[in-house]
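Within every chain, numbering begins at 1; the chains are lettered A, B, ... in the order of the sequence lines, protein sequences first and strands thereafter. Atom set for the values below is all heavy atoms of this structure, side chains included, hydrogens, waters and symmetry mates excluded.
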Amino acid sequence: MPLRRWLSWPLLLLLGAALLLAALALGSSSVSWRQVLDLLLGREVPSWVRTILIEVRLPRALLAFLLGAGLSSAGAALQGVFRNPLADPGILGVSACGALGAVLAIFTGLVGWSTAALPLLACAFAFAGTMVVYGLSARAGAMDSGDVMLAGVGVGSLAGAATALLLSLSLANYAIGAQILQWLMGGLDGRGWPHLRLALPVMMVGWLLILAHRRDLDALLLGDAQAIAIGVDVRAVRGRIILATSLITGASVAVAGVVGFVGLVVPHLVRMVLGPSHRILLPASTLLGGAFLLGADLLARRVIAPQELQLGVITAAVGAPIFVHLLVKARRGSA
Amino acid sequence: MSARGGLEAKGLEVRRGERTILARLDLGVAPGELVALLGPNGAGKSSLLGALAGLLPIARGEILVAGRSLSQLGVRERARWLTLVPQETQIPFELPVEEVVALGRTPHLGRFAPLGAADRQAIHRALVALDVLHLAGRSICRISGGERQRVHLARAHAQDAPVWLLDEPTSSLDLEHQLRVMNVLRRMTSEGRSMLVALHDLNMAARFADRLVVVAAGRIVAQGAPREVLREGLLAEVFRVKARCELREGTVEVSPIEALDQPP
């Protein structure tokens, strides 16, 4: 294990760097690898190349990395809090709640009033959604994986229904309806520095909050009673982790819509190779998650170029089989 | 062992909604004493341990460890004085044994502090004391129930708290491992710890405990040395069984005969 651990850090960094380079070099206008290198080394490049790389591709790539890193850490933390390897912002309905908040911000016109309204409402709804899912599943006593999933599905579909309702109500008003539809499509097409500036601070706060609780998250794996016995304030830790994951999910939903399965797939892969200890799991999920979404966005851009695939299609294609695999494994474990 | 403890509960009362689960209970465990907590299902054994460990809120009364009141301590500081090993809980992730034991150091560590040399020593001592050193790298999900129980006790050992509360530590174990775990507890006690152990097996309790405390319906109905407590009358009254109690080689042996239909 220690050798694997030491090897995995440079490998993860290398993977991220390689994908970042690829994201800069590949795209609909033909920028050569050489020009990318020239720019990175501070040499002279044509101004249109500079504009494409700095104003279009770089922020989009960084944003993809940021969202992947954030959603993966949030997934890992939620799995710890719910003691359930199937937990993920998408599956627990947290993303759907965040989306409802965002759509509400557009629907009510709050967005026109302040740009911060959309991420703010997305975070607030994500938080409320997680609390409801947690309350429903904890009420049933021990947090059985079935209960958590059922609560998540229930809350998620309720939020989805409410979103659909708002959408159909807004269709009469073309401007708002189009805005909502466009936002609901999600993905990173057309996202740039302003989106990055909006998401980065919120996600950093959430990420740092999670990282500060890495040992408490390990303790929670042993169950509430043991966690309290070793001096972890279980209720407070749960509350803070739920807040942190809501910030991350809300910010990510606000800039790119619902991107599912990232928080499920990445921590799962990391656990298989490096074990479940959060001291390792969280930073490794951050790096792998960033690389994963960067790669997924690259595929979304290139597979049917010049058109774009939806980012969620790629992540679901990878994530859904892993989800089913985990579900089958959990069933067998409980039988 | 950093400090000698001794546990004392005074007038402890625990309620769940309207129901009183523990009523004005007084209980003490001295340093170097192993006290077995006995009683039928639903008597309040787990609630008592839970209340002492801070899992359940206390309606009235006071808990003292080494003379200081637990209510004045935060969760973290409390964990330096007293620890609980609950009944077997399922752990859904493949945490290595070594990391489980290392978690015992949590109350001694700052939020961002890594394990220091003293912590590593405490973890190593715990792994050796509970004979689980050879399992250190194995997953907690892939060892036997007896081994898992010893790992959780090793976690408590690494935690270095003078008072241990154990909820049926032998319930899922075969006879060999029951004896092994009880012997380990005896040894831990002889090093000066205070042990309060909920048990179902009366013979195990009679053989390994210094003192028995019998609870029924949230009250202590008997306590004292095993030979004083384990009498046929009490077994009929509290446990609703007809049984024979015989003195043999300095301990009491209880042979259950049949369940009683009606209260005597």
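Heavy-atom neighbours of B:His124 NE2 from other residues, nucleotides or ligands within 6.0 Å: at or below the threshold of 12. The environment of CZ in B:Arg16 is sparse: at most 12 heavy-atom neighbours from other residues, nucleotides or ligands sit within 6.0 Å. The environment of B:Gln178 atom CD is dense: over 12 non-hydrogen atoms of other residues, nucleotides or ligands sit within 6.0 angstrom.
Residue-level contacts of residues 89-97 of chain A with chain B do not occur; threshold 4.5 Å between heavy atoms. Among residues 204-216 of chain A, the residues having any heavy atom closer than 4.5 Å to a heavy atom of chain B are, in sequence order, A:Ala212, A:His213, A:Arg214, A:Arg215, A:Asp216.
Looking at B:Arg155, the atoms closer than 4.5 Å to chain A (heavy atoms on both sides) all sit in the side chain, from C-beta outward. For B:Ala113, the part lying near chain A is the backbone, with the side chain staying farther off; criterion is any non-hydrogen pair under 4.5 Å. In this structure, the portions of B:Arg111 lying under 4.5 Å from any heavy atom of chain A include both its backbone and its side chain.
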In a table with atom names and distances, give each donor-acceptor pair under 3.5 Å that connects a side chain of residues 52-72 of chain B to protein atoms at least two apart or in another chain.
unit_1  : atom_1 : unit_2  : atom_2 : d
B:Ser69 : OG     : B:Ser71 : N      : 3.4
B:Ser69 : OG     : B:Ser71 : OG     : 2.9

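The shortest heavy-atom contact between A:Ala229 and B:Thr83 is O-OG1, 3.7 Å. Residue A:Leu221 comes nearest to B:Phe93 through the heavy atom pair CD2-CD1, 3.3 Å, listed as atom of the first residue, atom of the second, then distance.
B:Arg15 pairs by the salt bridge (charged side-chain N to carboxylate O under 4.0 Å, His left out) definition with B:Glu13, not counting sequence neighbours.
Ranked by heavy-atom pairs under 4.5 Å with chain A, the first of B:Ile140, B:Leu165, B:Leu109, B:Val85 is B:Leu109.
From B:Arg76, atom CZ reaches atom CD1 of A:Ile230 across 11.5 Å, with rounding to the nearest 0.5 Å.
Contact annotation: the side chain of A:Leu222 approaches that of B:Leu95 to within less than 4.5 Å [non-hydrogen atoms, C-beta and beyond]. Side-chain contact check for B:Glu94 versus A:Arg271: every heavy-atom pair is 4.5 Å or farther apart.
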